[in-house]
Structure formats: C-alpha cells, structure tokens
Amino acid sequence: MTATEPRVLQKLDGAPWEIEPYLRVGGYEAWRKCLKELSPDRIVDELKQSGLRGRGGAGFPTGTKWDKVLHHRIKERYFVCNAGEHEPGTFKDRYLLKHSPHQLLEGCLIAAHTVQAKASFIYINHEYQEEHENLKKAIAQAKARGFLGKNVLGAGVDLEIELFSGQGSYVAGEETAMLESMQGRPAMPRQKPPFYPTDFGLYGKPTLVNNVETLCNVPRIIQNGARWFTQVGTEKCPGTMLFSLSGAVNKPGIYELPMGTPLRRLIEDCGGGVPKGRKVKAVFPGGPSFAMVTPDQFDLPMDFDSLKKAGTGLGSAGVIVVDDATCMVAQTLKFSDFFKVESCGQCPPCRMGTINLATLMAKIEHGEGTQKDLDSLLQLCGFVKGTGYCTLVTGAAVLVQSSVRLFRHEFEEHLALKRCPYKPAPAGVA
Ligand SMILES: Cc1cc2nc3c(=O)[nH]c(=O)nc-3n(C[C@H](O)[C@H](O)[C@H](O)COP(=O)(O)O)c2cc1C
C-alpha cells in the first residue's frame, strides 16, 4: 500500500448495507480475531502501539482511553459511538455512516467487547436519516450472520448495538452533553474535571466514547497490525485523516490523506484550486473554532501537533476555504451567529459572550460600529476564552481574534466607511 492509497475509505460493490462485499475484502475478520484470539489487553496494546488518536476533534490517544475504561474498578461500563456531527464544514462522519456502515459496526463491536460494555450505542445526528437507515439494515445483516446478538460467533459473548437518534444541536456532539441527552436531559456539557466520561459517563458509569472515523480505523489496525498503521502519517500522528473540504474550491468533498499532508496539496491538488480564477484569502484548517491561516502558510503539515504549534488546530478536519471576493467581517459574523444560536446557555460567559460577540460583529458589518466597539470586541474575547464547561465559547472568541489579527484593515474600513465595502454603496454615497 502506498502512502496515498485510502485506508479508511474502502470502495465496495453493491449497496453499502450489504454484508457480502464487505466480507469479500476481509470484513469482520478483525472482529473474529478479537473474539477468538486476542485478549482485551492485547487489543488495547495494539491500539496503543498504533498511535491512533481520536478523530472527533481533540486528538486524544485512543488506546489510552480504552485502557482507562477496561481497567476501571467499576465493572458496569458503557460504549457510545459519537455520530452527532453538526459542525459547519464537517461531513466526513456522514460519508462513513452512509457508505461504510459495516466498517463502523465492526469498530463498534471491537470497542464494546474490549471494554466489556454492558450496553452499546451509536448516537447519530437526527438529520442523518438515510445514514440511520443504512446502519439499521447493516446491523440486521450482521446479526443474521451471527456477528452480533446472542452468543456471537459461538464465542459465548452477547452483544447488541442500539441506534440512538441525537438532539440535533452542535453542543449535543460534545461527549458529556451527548451522554446527558441520552439520559433524557437537556444536551448540556458537564464540568470537566471531574466528569470525564471514562470515569463518569452514561448513568454515572465509566463510558468509552469514540468518534465514527476513529472507530472505522480500528478493524484495519487489528487486521493489519500497528506497524502497518504507522507506515503513513507523522510519528506523533500516524495514519490518515478524512478531510471535509468545502468553501471556495472547484472540487469540494471528502479526501483521505496521510496525516501531515501540506495544506497546499489538499486545496490545489484535491480541491482543484479556487473557482473563477480567484485567489485564496484565508482557510479554516479545523472548522470555525480554530484560527484561520493565510496562503503564506500553505506548506503547513495538516496534523494535530503541527497546526497547534502554528497557533491553530486540526479539530475534526473540516477545512473551509475563503476566497478574495469575501468580506472577512461578514464571514466572521456568519460563524459568530452560529455560535450564538448553538450555545446551550448553561454557562453565563458562553450565553452572554456569544450573544455580545455576534452583536458587536453585526454592528461593525452593518456600518454602525465604532472604534470602541472594535476594542470591546477584542476585550470580550479575552474575558470569555477558556471559560465554559465546553470549548464552544473559546472557539467563538478564537474565531474573532484570528479574524481581527489577520484582517484588521477590513474591520477598520467598515468603521471608516460606515458600511461594508464589499456591498455596493447606496445611491449618492461615494
Ligand atoms: C461543541 C463540541 C461539539 C462536538 N461535536 C462532536 C461530534 O459531533 N462528533 C464527535 O465525535 N466529537 C465531537 N466533539 C468532541 C467530543 O466531545 C469527543 O472529544 C469525541 O467524541 C471523542 O472521540 P475521539 O476520541 O474518538 O475523537 C465535540 C466537542 C465539542 C466541544
């Protein structure tokens, strides 16, 4: 396998829920191996050696997380696959749910079995109805073959995976908010520490939560070994990443590339550059919650550590490209409004902060802002950053700070002209 061949995305014949094409490429062999040959500790060891890190945004080492739940003193444990995906510009989990339900299911079975979960769930964005249906059909086919249900493959193990329709908000994808909502409560994050899911998860019991893409990597690691996995990517971020590429590119879509691939390759080779001969003005390399980068940073390697070092982040790799015909104040306002609407309102700094950030952004974009508003905007970012039970408000502040840092002249122009320079001037105004 070369460095650029897909590893997570597998092209299969037939309908995605049909089990036969998946079995023909070695599907469920890793699951069989885990049931019959490997102890849970051996599985965890393999994952640790692979260096797999969570693809849901935080990049936490997967093997370490599994180890924590497996060796927890409390024996009542749960497993939840997080398919809540609701961030603007991120759609890779949807692709996997739709096209690779068996691969995901196999990853879930291995995870649930390894940590000896009492019950296991896939929490799925409620808007993903076709994907939900595909998973349901895939589960039925896998069950008919004895891969889940009672006495799985004659190994004396009983295992079911239940589908749970999510609340459909951005915050509901935050793992502790997701667990709250699964217990019939509002989808609001818990305070961390101390309430990390590995200690205090579903029903207050140790719970393993992993992202869809993370779990889709697992069967292939078990099948091919940790050394195979580490052959691509960087030393600290091995493997590939699914990039959701959107915005001002000719070919938006999902691209699987080795971790550490330069941003340039994604935008120019995969995305085919910017339409209508325009130029790139800025790129969100990890969705709207992380700082933007500019074209002089196109050689940045796309992995968790390199982007963090560069003052931004990979998140779940929702790469949004902005062209030079875009007003950065208007673009920032759009995402500020998103954060305002999606704040669950639990923590005062987030509830008030996201409203005030969006209000000040709107004032400036609509030509009603003053220098004092711009100063207040930046001051507010400093106040709210790092507060809140989850990172939503920090993301909202980072967005504004990065926009002002890189495009201050556009903010100043709005203040001076008392209108958006990207919109036609009203009649009689120069
Ligand atoms: C506001 C917010 C939304 C999130 N949404 C998702 C999501 O939709 N899917 C996801 O897997 N992780 C999401 N996360 C990250 C999860 O809290 C968690 O880190 C992840 O599911 C762990 O899985 P992993 O270790 O496999 O990455 C979100 C985090 C925050 C702060």
Side-chain angles (χ1 to χ4, degrees), residues 8 47 50-69 79-94 96-97 104 107-108 110-111 115 121-128 131 164 166-182 187-192 195-198 201-202 207-218 221 237 239 241-242 244 286-290 304 313-318 335 338-339 341-347 350 354 386-396 398-399:
V8 176
L47 277 188
S50 77
L52 175 67
R53 292 168 67 172
R55 297 329 196 212
F60 190 81
T62 307
T64 306
K65 201 191 261 187
W66 289 33
D67 199 6
K68 246 194 134 201
V69 180
F79 162 72
V80 185
C81 163
N82 187 347
E85 195 172 62
H86 203 86
E87 186 170 73
T90 305
F91 39 93
K92 49 132 187 147
D93 291 343
R94 180 174 213 165
L96 288 169
L97 289 159
L104 173 62
C108 291
I110 295 171
V115 300
F121 305 89
I122 301 178
Y123 180 94
I124 179 166
N125 178 332
H126 79 119
E127 286 158 357
Y128 290 2
E131 293 74 12
F164 195 104
Q167 279 208 353
S169 75
Y170 174 47
V171 175
E174 193 280 337
E175 54 192 357
T176 60
M178 172 185 78
L179 298 172
E180 283 291 300
S181 81
M182 290 178 76
M188 292 180 173
R190 296 173 185 163
Q191 191 172 19
K192 299 176 290 303
F195 301 123
Y196 289 109
T198 46
L202 201 58
T207 301
L208 175 66
V209 177
N210 274 130
N211 168 258
V212 170
E213 183 185 347
T214 312
L215 291 159
C216 282
N217 272 288
V218 170
I221 292 172
C237 294
M241 185 88 193
L242 297 192
S244 311
S289 304
F290 290 98
F304 295 114
L314 183 61
S316 51
F335 288 142
F338 169 79
F339 288 123
V341 169
E342 293 293 336
S343 169
C344 74
Q346 177 181 212
C347 325
C350 182
T354 52
T387 64
Y389 285 180
C390 78
T391 55
L392 188 139
V393 71
T394 299
V398 165
L399 161 76

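Positions are given from 1 along the sequence. Keep in mind that this is a model prediction, so the values were computed, not measured. When a ligand or atom number is given, it counts from 1 through the structure's own listing order.
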Hey, can you tell me if Phe164 and Phe121 have their rings parallel, tilted or perpendicular (30° and 60° cut-offs)? perpendicular

Among all protein heavy atoms, pick the one closest to atom 31 (C) of ligand 1 and tell me residue, atom and distance. Thr391 OG1, 3.2 Å

Are any of the side-chain heavy atoms of Cys81 and Val212 separated by less than 4.5 Å? yes

Flag side-chain contact, heavy atom, 4.5 Å: Cys347 against Thr387: no

Under 4.0 Å from any heavy atom of Val209, which atoms of ligand 1 are there? 21 (O), 22 (C), 23 (O)

Output yes when Arg94 and Glu85 qualify as a salt bridge under the 4.0 Å nitrogen-oxygen rule, no when they do not. no

Do any nitrogen or oxygen atoms of Glu85 lie less than 3.5 angstrom from nitrogen or oxygen atoms of ligand 1? yes

So CZ of Phe91 and OG of Ser316: to nearest 0.5 Å the spacing works out to 11.0 Å

How far is atom 13 (C) of ligand 1 from its nearest protein heavy atom, and which residue and atom name does that atom have? Gly173 O, 3.2 Å

Touching ligand 1 at all, Lys65? Heavy atoms, strictly under 4.0 Å? yes

Tell me whether Glu174 is salt-bridged to Lys192, with the criterion being a basic N under 4.0 Å from an acidic carboxylate O. yes

Give a yes/no verdict on whether any heavy atom in Leu392 is under 4.0 Å from an atom of ligand 1. no

Pairing donors with acceptors under 3.5 angstrom, does anything connect the side chains of Asp93 and Asn211? yes

Hey, which atoms in ligand 1 end up nearer than 4.0 Å to a heavy atom of Asn210? 23 (O), 24 (P), 25 (O), 26 (O)

Distance to 0.1 Å, residue and atom name: give those for the protein heavy atom nearest to atom 10 (C) of ligand 1. Asn82 ND2, 3.2 Å

Do Val209 and Tyr123 make a side-chain contact, defined as non-hydrogen atoms from C-beta onward lying under 4.5 Å apart? no

Atom 2 (C) of ligand 1: closest protein heavy atom, distance to 0.1 Å, is Glu174 CB, 3.8 Å

Sub-4.0 Å atoms of ligand 1 with respect to non-hydrogen atoms of Gly54: 24 (P), 25 (O), 26 (O), 27 (O)

Hey, does Phe60 sit under 4.0 Å from ligand 1 if you only count heavy atoms? no

Taking the side chain as every heavy atom from C-beta outward, state whether Leu52 and Ile221 have any pair of such atoms under 4.5 Å apart. yes

Which heavy atom of the protein is the closest neighbour of atom 17 (O) of ligand 1, given with residue, atom name and distance? Glu175 N, 2.9 Å

I'd like to check whether Thr214 has a polar contact with ligand 1, where a contact means an N/O of the residue lying under 3.5 Å from an N/O of the ligand. yes

How about Pro288 and Glu87: do any of their side-chain heavy atoms sit closer than 4.5 Å? yes

Measure the distance from atom 27 (O) of ligand 1 to every protein heavy atom, then report the residue, atom name and distance (to 0.1 Å) of the closest one. Gly56 N, 2.8 Å

How far is atom 23 (O) of ligand 1 from its nearest protein heavy atom, and which residue and atom is that? Asn211 N, 3.3 Å

